[in-house]
Every structure is written in C-alpha cells, then in structure tokens.
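I have placed the structure first, in the form of structure tokens, so that the comments after it can refer back to it.
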Amino acid sequence: MKAAPSPHSHTSLEADAATRNTDWATQGLARFERHFSTGQTPTAEVDGAQRLLFSSSNYLGLAEDPIVIDAAINAARTLGAGSGGSRLTTGTLDAHRQLEAHLAGFFNYPAAVFFATGYQANLSTISAIVGKRGDDFEIFSDQYNHASIIDGARIARARVRVFKHCDYDDLEAQLATRTRPHALVISDGLFSMHGTCADVPHIVELARSYGAWSYIDDAHGVGTLGPTGRGTCELQGAWPDVLVGTASKALGGEGGYACCGPEVATLLRNQARSYVFSTSNSPMVIAAVDAALSRVDAALVSRLQSRARLLRELLRAAGVGVAGLEQSAIIPVHVGDELLAVEAAAALQDRGIQAPAIRYPTVPRGQAILRLTVMATHSDEQVKECARVLAEIFENLGLTRPVE
C-alpha cells in the first residue's frame with residue numbers, strides 16, 4: 001500500500017542543505033578545515049604549505065614536549081590504547097585518579113573531576129549543579145561566555161540571565177532582583193575571542209554577597225596567566241566555588257576538569273551525564289596531561305608572556321589595532337567586516353602565516369577579527385615576521401590607523 005502524498009512541498013535534504021550553505025557563504029561565514037601534516041609547532045605544514053603558525057592554542061608547546069610524549073607512549077605500552085568504557089564502568093585507571101589529585105593540588109582545591117573534553121566539563125557540571133531544580137534556579141552568565149557554558153545553561157533548564165560583558169554593576173543589579181532560591185554566577189576567566197579578563201575577585205564577592213555560587217571557566221588562562229601559570233585566579237588572587245579548565249590548550253593534550261569541593265566532586269561523578277555516559281580518555285591522554293602539568297613552571301610561562309607582549313608592541317607601533325590583556329597569548333586584531341577579515345586571513349596564508357578570521361557566530365556580526373595566538377616556542381624572529389607581514393597587509397587593505 002502506497003503512502004498518501006504529503007500536502008506539503010518537499011525538497012531533498014541535500015538540496016535544503018545546499019541552499020543554506022550558499023546563504024552562509026554569501027555572508028562571508030563559511031569555514032573550511034585546515035589540514036595539518038605536522039604537529040602544532042611554530043613552523044607547520046598546513047594544507048601542503050609551510051607556514052608560521054599563529055593560530056594554535058598549544059600555548060606552552062607541551063604537545064611536542066619529549067617528556068609528555070614519552071609519558072603517552074609508555075602508558076600505551078603498559079595500559080593499551082583505550083580505556084574500554086565510561087568512568088563508572090571500566091574507564092577509571094589509577095592514572096585518572098593520580099591526574100585528578102595532581103590537578104586539585106596544582107590549583108589548591110580539595111578535589112578535581114576529569115572529563116573527556118572541556119566542552120563536556122562545562123555542559124555536565126552546570127547541569128549537575130542545577131539538577132532537577134530548574135524552576136528554582138537562576139544562572140547569571142557573561143554575554144561573551146563560551147558556547148559550552150551557554151549550552152550547559154540551556155540543558156540545565158534554569159532561568160538564564162545574561163549580564164553585559166565584564167559589567168559587574170549590571171551583574172549586581174540582576175542579582176539584587178533575583179527571585180529564585182538557588183543561583184550560579186558563571187564567567188570565562190580569560191575570554192578566548194576578546195582577550196579580556198574577568199574580574200574574578202569581584203565575581204566571587206558579589207556571588208557570596210547575594211547568596212549565589214561562583215563558577216569560572218579558565219580554559220585559556222591556565223598555563224598562560226599568573227606568575228606560575230595557574231591562570232586568571234592566580235593572577236587576581238581569588239578562587240571561585242568551581243574552577244573549570246581544559247587540557248587541550250596550554251597543557252597540550254585533551255580533556256577537561258572541574259576543581260571543586262569533595263561533595264561537589266561526588267555529585268559530578270554520579271550525576272554529570274557526560275562523565276557517567278561517555279567513554280573516558282585513553283591512558284595515553286591521561287598520562288600525557290599529567291606529565292604536561294608537571295612541566296608548567298614560571299620560566300616557561302614568562303617566556304610565553306614576553307612573546308605575547310612583543311607581538312602586541314610591534315603591531316601597535318605599526319598602527320594595527322589590537323585588544324586584550326597585555327600578557328595574554330590571545331591577541332585579537334580588529335577588522336569588523338566579515339568578508340574583509342576573510343580576505344586578510346587569506347593574504348596572511350599567501351605570505352606564509354596561519355591565523356584565522358573569526359566571524360559570526362563566534363563573535364557578533366560586524367565585529368570580525370583576526371585572532372593571533374602566541375606560543376612559548378615562537379622565536380623573537382618569528383614574532384617579528386608575523387608583525388611585519390600583518391602590518392603590510394593591513395596597510396594594503398586600509399585597516400591601519402595613525403599611531404597615537
């Protein structure tokens with residue numbers, strides 16, 4: 001028996017996707033994966049060409065550190081390539097618990113819980129803290145928070161109130177009018193696209209004053225900020241109730257973690273869905289991250305920060321508009337127009353430098369940037385070459401401005 005014809009007009013899924021893809025590309029928003037034939041080193045082979053890499057979050061160069069690599073190899077030989085299950089079945093090795101203990105000690109928290117990715121850490125930690133109390137819970141979230149925080153808040157089904165970026169008068173005004181018994185204030189530590197830094201002491205104090213809990217995601221601050229690389233919280237001398245981070249950036253590996261109190265850790269191990277239902281990281285990953293953590297020291301962090309300052313100084317001297325915290329390895333370069341940002345990034349690639357154009361939806365429409373990231377393994381000469389080439393391209397595109 002034939003199905004009755006649909007009364008609605010119908011196109012194939014492929015045709016529908018093609019129309020949407022064309023519309024996306026017309027707005028200058030299409031993205032394409034870059035193919036690497038080498039590791040995340042200062043000079044890398046990208047799409048078959050040698051380029052200076054100024055787009056990696058391998059901030060400390062630990063993804064290529066021999067001690068880190070040896071730890072991964074030894075773990076694979078001893079424990080195998082995979083964990084075989086989720087953390088609550090077969091996926092917790094001695095190595096997992098050792099890494100969690102080291103993370104807790106590194107950040108001076110009672111406990112830490114390690115997740116398969118940083119995205120999962122935010123997604124599940126937020127929803128686990130809220131639990132089934134969505135109708136009795138309010139989340140106060142910085143408007144430029146990472147997508148994983150936004151999605152975690154949505155999944156939690158609490159009331160979400162967005163405060164203006166780093167505007168703590170706005171945050172306090174919203175906290176003062178809160179109507180639900182439970183509240184969580186969430187912010188990135190170092191904002192990944194803007195290079196700005198949250199005022200963690202202010203957030204912690206406001207949260208406590210209004211009976212809320214504080215939560216900082218310092219994915220890009222850890223390993224890059226503070227005298228010893230413990231991030232935004234070390235830099236500012238204040239620590240939230242929950243500190244979330246990732247091993248996929250300065251630590252050179254993958255995975256995410258939540259540092260917290262012991263009862264919160266137990267809650268996450270039982271009710272954080274990505275922890276309960278995702279296969280855990282391989283022994284290789286866990287061993288590499290643990291080794292990388294031991295490699296973070298003041299000298300390496302200082303080297304990274306000095307490279308970042310140098311690139312900022314050179315770009316400013318050439319009339320290129322840069323933003324962000326001075327010592328941050330993230331250097332946003334303002335462009336504005338999406339198509340112009342794509343053109344600038346393509347010109348950089350033609351000149352042997354890999355740095356992406358960041359556009360909507362990662363940043364608001366009309367606020368496109370080039371996002372440069374510095375690594376401790378960059379030489380002064382490579383930093384100077386990046387600044388020289390970018391300044392020439394910006395001048396050709398009419399994007400430079402008079403030096404004040």
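In what follows, residues are counted from 1 in the order of the sequence shown.
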(request) Check step by step if ring-ring contact (aromatic ring centres under 6.0 Å, His included) holds for His378 and Phe54. (result) CA-CA 9 Å; His378 281 127; Phe54 280 88; 4.0 Å; yes
(request) Determine, step by step, whether Glu100 and Arg97 satisfy the salt bridge (Lys or Arg N to Asp or Glu O under 4.0 Å) criterion, reporting the C-alpha distance in whole Å, the side-chain angles of both residues, the deciding distance to 0.1 Å, and the verdict. (result) CA-CA 5 Å; Glu100 289 171 333; Arg97 302 312 294 268; 3.4 Å; yes
(message) Could you go through Gln27 and Glu338, starting from their C-alpha distance and side-chain angles, then the distance that decides it, and tell me whether this counts as side chain to side chain contact (heavy atoms under 4.5 Å, CB included)?
(response) CA-CA 8 Å; Gln27 299 175 61; Glu338 283 81 8; over 6 Å; no
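Judged by distance alone, with hydrogens and angles left aside, the side-chain atoms of Thr228 form no donor-acceptor pair with the main-chain N or O of Asp297 at under 3.5 Å. A donor-acceptor pair under 3.5 Å links the side-chain atoms of Tyr168 to the main chain of Asp199, judged by distance alone. A donor-acceptor pair under 3.5 Å is formed between the side chain of Ser280 and the backbone N or O of Gly91.
Across all their heavy atoms, Val200 and Ala238 have their closest contact at CG1-O, 3.6 Å. Smallest separation of non-hydrogen atoms from Cys197 and Cys166: O-SG, 3.9 Å.
Aromatic ring pairs are classed by plane angle as parallel below 30°, tilted from 30° to 60° and perpendicular above 60°; the pair His165 and His194 is tilted. Between Phe115 and Tyr275, the angle of the ring planes goes over 60°, which puts this pair in the perpendicular group of the 30/60° scheme.
How far SG of Cys260 is from CG of Asp241: 10.0 Å, rounded to the nearest 0.5 Å. In this structure, Asp188 CG and Ile149 CD1 are separated by 4.5 Å, a value rounded to the nearest 0.5 Å.
Within the 4.5 Å cutoff, the side chain of Lys249 has no heavy atoms near those of the Asn58 side chain.
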